[in-house]
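Let me begin by presenting the structure, written as structure tokens, before commenting on it.
Each chain gets a letter, A, B and so on, in the order its sequence line appears, and its residues count up from 1.
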Amino acid sequence: MAVFFFLLASILTVWGLYVGFFVAPTDFQQGESYRIIFIHVPAAWMSMLIYLIMSFWAAIGLIMNTRLSSMMAHALAPTGALMTFIALWTGAFWGRPTWGAWWVWDARLTSELILLFLYIGYMALRASIEDPRRADRASAILALVGIVNVPIIYFSVQWWNTLHQGASVSLTKSPSMATSMLTGMLVMALAFWMYSIAVSLIRVRRIIRDREANAAWLSDSSGVQ
Amino acid sequence: MYKAFIFILRKELLLALRQKTDVVTVLFFFLIVSSLFPFAVGPDLNTLKIIGPGVVWVGALLCSLLALHRVFETDFSDGSLEYLVLSGEPLTVLVLAKIGSHWLITGLPVVIVAPLIGLQFGLSAGSLSLLLITLLLGTPVLSLMGSIGAALTLGVRGGAALTSILILPFYVPVLIFGAGAVVADLQGLSIEGHLSILIAMLCLSVALVPIAVANAIKIALE
Amino acid sequence: MYKAFIFILRKELLLALRQKTDVVTVLFFFLIVSSLFPFAVGPDLNTLKIIGPGVVWVGALLCSLLALHRVFETDFSDGSLEYLVLSGEPLTVLVLAKIGSHWLITGLPVVIVAPLIGLQFGLSAGSLSLLLITLLLGTPVLSLMGSIGAALTLGVRGGAALTSILILPFYVPVLIFGAGAVVADLQGLSIEGHLSILIAMLCLSVALVPIAVANAIKIALE
Amino acid sequence: MLEIQNLGFARGKNVLFENLNFSVKAGEAFRVTGSNGSGKTTLLRIVSGLCRPDNGVVIWDRDLARKNNSEFVKSVNFLGHDDGLKKQLTATENLKLMLPLLGASPSDRDVESALDAAGLEAVKHKPVMHMSAGQKRRVALTRLDFMNHRVLWILDEPFTSLDVTAISGLVLKLRKHIDSGGLLIFTTHQDFDVVSEALSLSLD
Amino acid sequence: MLEIQNLGFARGKNVLFENLNFSVKAGEAFRVTGSNGSGKTTLLRIVSGLCRPDNGVVIWDRDLARKNNSEFVKSVNFLGHDDGLKKQLTATENLKLMLPLLGASPSDRDVESALDAAGLEAVKHKPVMHMSAGQKRRVALTRLDFMNHRVLWILDEPFTSLDVTAISGLVLKLRKHIDSGGLLIFTTHQDFDVVSEALSLSLD
Ligand code: HEM
Ligand SMILES: Nc1ncnc2c1ncn2[C@@H]1O[C@H](COP(=O)(O)OP(=O)(O)OP(=O)(O)O)[C@@H](O)[C@H]1O
Ligand SMILES: Nc1ncnc2c1ncn2[C@@H]1O[C@H](COP(=O)(O)OP(=O)(O)OP(=O)(O)O)[C@@H](O)[C@H]1O
Ligand SMILES: [Mg+2]
Ligand SMILES: [Mg+2]
């Protein structure tokens, strides 16, 4: 199944990059540099979305005491951190030509950086607790506490007047950009989705295998769905 | 429940008084951080005025972080945390009492001394009182947020380091809005937004943190 | 004797590695202290340049102070200090090894990261290298002087606080001459005096501190 | 009445116990035996509700202990390997500050005379850290004098570090508790009098 | 030969012992008894040179122990109430790092097989903090296997927390040490086999 999603991801990436770099028109304000948007925006979206999904699974694991959902949360964290890192990095790369600085302490940038810290904290906490069940629960609490950060990232451009761009894709308003730009972005977003699913599936399978090897007898106990 | 809260508070304060460690260390730290700066930076009043609020806020943050690892750690290693859990009183209340005493020991002294330090940096009366308000609103948030990190890392190998990593994301916004308010005011900008965010953070964390911490403690004892 | 020195060093470093606490906390502290300043003070490069050396030095001092209480305290409370005394190796050598590892854990990382932080504050290459030299000379003095305080307060009620109070008088001169050298250089003054005082402090403390500490430890164990 | 059904727990690969079933009635003492590391402490912590078991349930007065937790916890009096004392505080202060949390509110006189009775008259106003190993354990055990309202006593090696006098004093206390309808679960590596009449379970 | 002459020590007003005289010869075991807080631990710490007595002297091989300190200390093997283990390190690491300081340089194989023999095979690579009370004590006692070059063993309640198997193992070790001409001073509140033949001194 993971292979299928990988395949899908690569096809979509090729398509998305093609649309983004060859079909979409040059921006009249920013020139060519705006094309970073095709990586930046999908990565930023995914970084938040994966955090939400991760917290969801962690919460389920905490409340229902189901191991598989905690493993899902565990498997999602590195991908989320990667997406956050990409969003930050491409953002900084983009900021140089447009704002004249790699970094400013703007609300969206800061909260996105905090998201990266949260992912790192989550993984560090997991790594330092030996007993996997304790690690599940402790890291779930951290994930849940950190969830307040996601709306802050998303709405920061509305709540504070910032340097960063406001939302340009919205379900309620008609899009304010060229259709080909929009297509490129959406296709790339879909590609990132597929990639995340594929990688997380592979990782969760490995986690299950490791844990089962560690405690073969667990397989018949109540926790596993 | 109310009685239990008071008892924990009394015990923690007596302990602090007996050890003197916490209160004095914290004050010392704060004084070192903040009064060494004019020293190290030189006596130019304009520079000092600009960095003043930042120095005070960083000092407050460090003080909070410094005593944090010990909030639950000693109780954990001498076995008295178990009695808290097994007392039958709601753990969230007990936890709140412990966090409250952490604030009384690390936050309050800083708030009290801060104006003195501020004077050293040549802050005006208006800036000073604003600094005081942001500290009063912000330092409890530091204690609250920090205690999540402290509770999650109980009995974990890399304790203190991990604590810092875990709570940094929660500390940074407090610092930004706390110090930011004073700086914005100096620049003649509106500070309502800053203050309302600090208040929101305080309310939210008082409501939610004790629940998270209580659960983290139970997990640590397993 | 030489072997004993190496063994203590290895044990302490392994412990630090295992806990990760010390190394990472210290680095984190240093990074927090120093990188929070641009945050809190605002990004004006001129201000930053002036406060840079001070920030780095205060950070280094705090890091040293932070880990100090633990140099002998854990060994004392888990009973392994007794084995050091009863090992039959000269206690001064063992003590020097422990102080050495304190420096390796708290001082060296700071020295290594300091140039990065300095860059953040816009220091020139000359200032940076001077900062590095003063840190290299000064941080071992901090570890040495500090360990006297740590040893004298072993098992004493107000441990950590007392430590800070005891050693502060010894720390301040180091800070003044350390940060002072960089500032003096920025202002185009001669720095020879500063440096030779730092060197003198280092030599003196390497020679005398281990003896004082060894005796303090023996007293604490009675 | 306390009933343990089907209890199972593992530390990683190491299965400490499986399918454990036993019950303790009012007026009964129950001893858990087993070699070092066999899981006695772990079992006691699970029963008292500090740990969650992998499988099985603890039933208290016909109700799931975990469901009716605050009720259950107020019936439990737990003493672990650690004394749970603050080493900077004196024996008197330790007790005065801890007991109210556990639902007892003895007068200062009561606390002091209990400490005197435990043979701690000379040291009761010293910080606990300046006491000998046995004196510390005695302070921790003095708590038992005020725990009659909590009927389920769970004691992990209470006899450690005690001398002969203190041991026989403790045995008397435990007897009295059982005779007045209390429940007792404990571990010990040595055989003392209170043990002879106790039911026992080996984890080996 | 160890000789104690005229030893006296007081904690504040509390005189723990006065005019204490005894001697321990090669091949002898010597037990210190007394109630909790009577000063056993203090006496053992004085003998091993960790504390200074108020009066009296410790004589080792006809020489003042305090004068000839580094010589004397290298003959002493002390185990106190505390295990002296670093809780973040594993059993193996603890021993490997501690033994060379005490003048023993066993190979890794030796250390591991000593730990196996102590019944710690399954946990020897776990951090000590994740061990049970008895397992920790076993680790501390494994040190004895490598301490034959230090003839004066001073052990403060070595039997604490140990189960029956571990106790008999320790008794054997102590016997072997005495039989090969070692000296042993120890305290314990329980009576074990090794004790029957020991000289003993009560501090009450
Ligand atoms: C390190 C710097 C940056 C970070 C951390 C960052 C972060 C983010 C995040 C989290 C989002 C998704 C938010 C949402 O969906 O509403 C986003 C979207 C976006 N970013 Fe950035 N960004 C950075 C720099 C930049 C720069 C320099 C530009 C261009 C000048 C830019 C333009 C955009 C645009 C156009 C969107 C899409 C907004 C939308 O359509 O909703 N970003 N960025
Ligand atoms: N916090 C922990 N983390 C991981 N493993 C642990 C932890 N505590 C105990 N163990 C392991 O669980 C097993 C049972 O420990 P437990 O303390 O219950 O033993 P015990 O029967 O009380 O032994 P003792 O007689 O030595 O007190 C041991 O093998 C121990 O290594
Ligand atoms: N560090 C200290 N400071 C002050 N007094 C102490 C200190 N250590 C022990 N004491 C006191 O000295 C006396 C003797 O203590 P010691 O530890 O020698 O007793 P012990 O015979 O070993 O008792 P136990 O059987 O409980 O181990 C006790 O009354 C104790 O309170
Ligand atoms: Mg046990
Ligand atoms: Mg003793």
From CG (E:L101) to OG (C:S80), nearest 0.5 Å
10.5 Å
Please give me the minimum heavy-atom distance between C:F7 and E:K96, naming the atom from each residue.
CE2-O, 4.3 Å
Indicate the atoms forming the closest heavy-atom contact of E:L50 with C:E82, along with that distance.
CD1-CG, 3.7 Å
Around atom CZ of C:F170, are there more than 12 heavy atoms from other residues, nucleotides or ligands closer than 6.0 Å?
no
Within the 4.5 Å heavy-atom criterion, are C:T74 and E:K86 side-chain neighbours or not?
yes
Any heavy-atom pair between the side chains of C:L86 and E:F72 that's under 4.5 Å?
no
Is C:Y83 reaching over with its side chain to a backbone N or O of E:L99, donor-acceptor style, under 3.5 angstrom?
no
CD (E:E18) with more than 12 external heavy atoms under 6.0 Å:
no
About how many Å separate CG of E:D83 and CG of C:D78, when rounded to the nearest 0.5 Å?
9.0 Å
Do you know which of C:S87, C:G79, C:G88 has the most heavy-atom pairs with chain E at a distance under 4.5 angstrom?
C:S87
Of the listed C:D75, C:L81, C:I219, C:L84, the one with the largest count of heavy-atom pairs under 4.5 Å with chain E is C:D75
Applying a strict 4.5 Å limit to non-hydrogen atoms, the region of E:L79 in contact with chain C is both
Of the listed E:T42, E:N94, E:V73, the one with the largest count of heavy-atom pairs under 4.5 Å with chain C is E:V73
What pair of heavy atoms forms the shortest contact from C:L221 to E:R45, and how long is it?
O-NH2, 2.9 Å
Stepwise side-chain contact (heavy atoms from CB on, under 4.5 Å) check, C:K218 with E:R52:
CA-CA 10 Å; C:K218 277 188 196 151; E:R52 250 193 279 189; over 6 Å; no
